[in-house]
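Position 1 is the first residue of the sequence; numbering continues from there.
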Amino acid sequence: MKELFGKLADGTEVYRWSLENGGTRIKVLSYGGIVQSLEIPDAKGTYANVSLGFDTIEEYVASSPYFGALIGRYGNRIGEGRFVLDGETYQLSVNDGDNSLHGGAQGFDKVVWEVEPFEKGSDVGLCLSYTSGDGEMGYPGTLDVKVTYTLTSRGEWRIDYEATTDKVTVVNLTNHVYWNLAGEGSGSVHDHELEIAAGRYTRVDSGLIPTGELAQVEGTPFDFRRAKAIGADVRVADQQLLYAKGFDHNWVLDKGGTAEPERVAVLRELSSGRVLTVATTEPGLQFYSGNFLDGTLVGTSGRAYRRGDAVCLETQHFPDSPNKPGFPSTALRPGQVYRSTTVHSFGA
């Protein structure tokens, strides 16, 4: 189902698509490719929206911390908003202190995408497309982007990213859903149990830019190789946690980058029985524990969002990779095709 969701200040219409398949219900906006809600049943079959979001387009435009949005051209941070590629220096839009975050001040989360619904066999979905012009937010090259949201007959939400360029550039696309498996607006996720298949993470400086060190998680609060409550160590006086006011770091997935999605994380909420499993082709996972939610934003439940009320699990390449030669490359050249896939599976 397609319906008018609202209009931007310049009169541009924003639409909302509602899809349902395999027991999963999802609502997607043409603005930012935003997942406005995602509903799944608990162990008793009772549905709840498990994704944070707003009721109006005005709220998304005014103050959204990337709720449910497509992120690009570069997910995560680039130090000082600057990088050198093939000997040329590029200055990006700076929107996070001294750094560029999630593509800059007008990233892919703030543009209106072309959206086409489809049915393929027993699957349904949306194909979202956008062309980012040469120099947009400082990035080189005209980038043609296609992102496919698929709801499978098993209720999985699959995201397939694809991009091509006419000039060498950097690309790192992801999605920024804020998860609360007890239900949006239900309070803290610190009792959720999380498991991440990663023995290392990228340490950061005070600006949350990676230092280049791939640190071992063993013996630290960052060890989620066995499932544990998110809140178990979030208040430990560890300098890395103090920098981020909680978890906001990239885990170096044990599997590395892969041709097909492999399971990398499992999130469980014990009272409802809901389980989210994340599989991806990407080499990294940014785990963010909702540290900067401050009670000033009110969601679709009518309740305020406070620190720790959601968790983000952003599959990606590493932050600041264009400035870290030792990290997996995010360069994309003419003639190449950027491809990435992430699959969210739900259970109870």
Between the main-chain N or O of [Y] and the side-chain N or O of [X], is there a donor-acceptor pair closer than 3.5 Å?
X    : Y    : answer
K324 : P210 : yes
T150 : T152 : no
H102 : N76  : yes
K255 : A197 : no

Next item on the list: Only one of Y60, Y305, W179 passes ring-ring contact (aromatic ring centres under 6.0 Å, His included) with F67; say which it is.
Entry: Y305
Examine [X] and [Y] and state if one hydrophobic cluster contains both, with Ile, Leu, Val, Met, Phe, Trp and Tyr joined whenever side-chain heavy atoms are less than 4.5 Å apart.
X    : Y    : answer
L19  : L70  : yes
V115 : L4   : yes
Y66  : M137 : no

Item checked: Linked hydrophobic residues, Y243 as query - side chain contacts closer than 4.5 Å ->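 Answer for Y243: V204, L208.
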Any ion pair linking [Y] and [X] (charged N to carboxylate O, less than 4.0 Å)?
X    : Y    : answer
E3   : R16  : yes
R333 : D86  : yes
E80  : R82  : yes
R158 : D123 : no
K44  : D42  : no

Notebook entry, point to check: Which ring-ring contact (aromatic ring centres under 6.0 Å, His included) pairs, counting each pair once, include a residue from residues 10-43, with sequence neighbours left out?
Noted result: none
Checklist line | Derivation and outcome, side chain to side chain contact (heavy atoms under 4.5 Å, CB included), residues V35 and Y149 | finding: CA-CA 10 Å; V35 173; Y149 288 170; 4.2 Å; yes
Check: Among all residues two or more places apart in sequence or in another chain, which pass the side-chain hydrogen bond (donor to acceptor under 3.5 Å, both in side chains) test with T12?
Finding: D10
Item checked: Check: T300 and Q36 side chains under 4.5 Å, non-hydrogen atoms -> yes
Note to self: Among T174, D248, N250, which residue satisfies the side chain to side chain donor-acceptor pair (under 3.5 Å) criterion with Q286?
What the structure shows: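 Per the side chain to side chain donor-acceptor pair (under 3.5 Å) rule, the option paired with Q286 is D248, out of T174, D248, N250.
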Next item on the list: Give a yes or no on whether the ring-centroid distance for F247 and F224 is below 6.0 angstrom.
Entry: yes
Checklist line | Heavy-atom neighbours of D254 CG exceed 12 at 6.0 Å | finding: yes
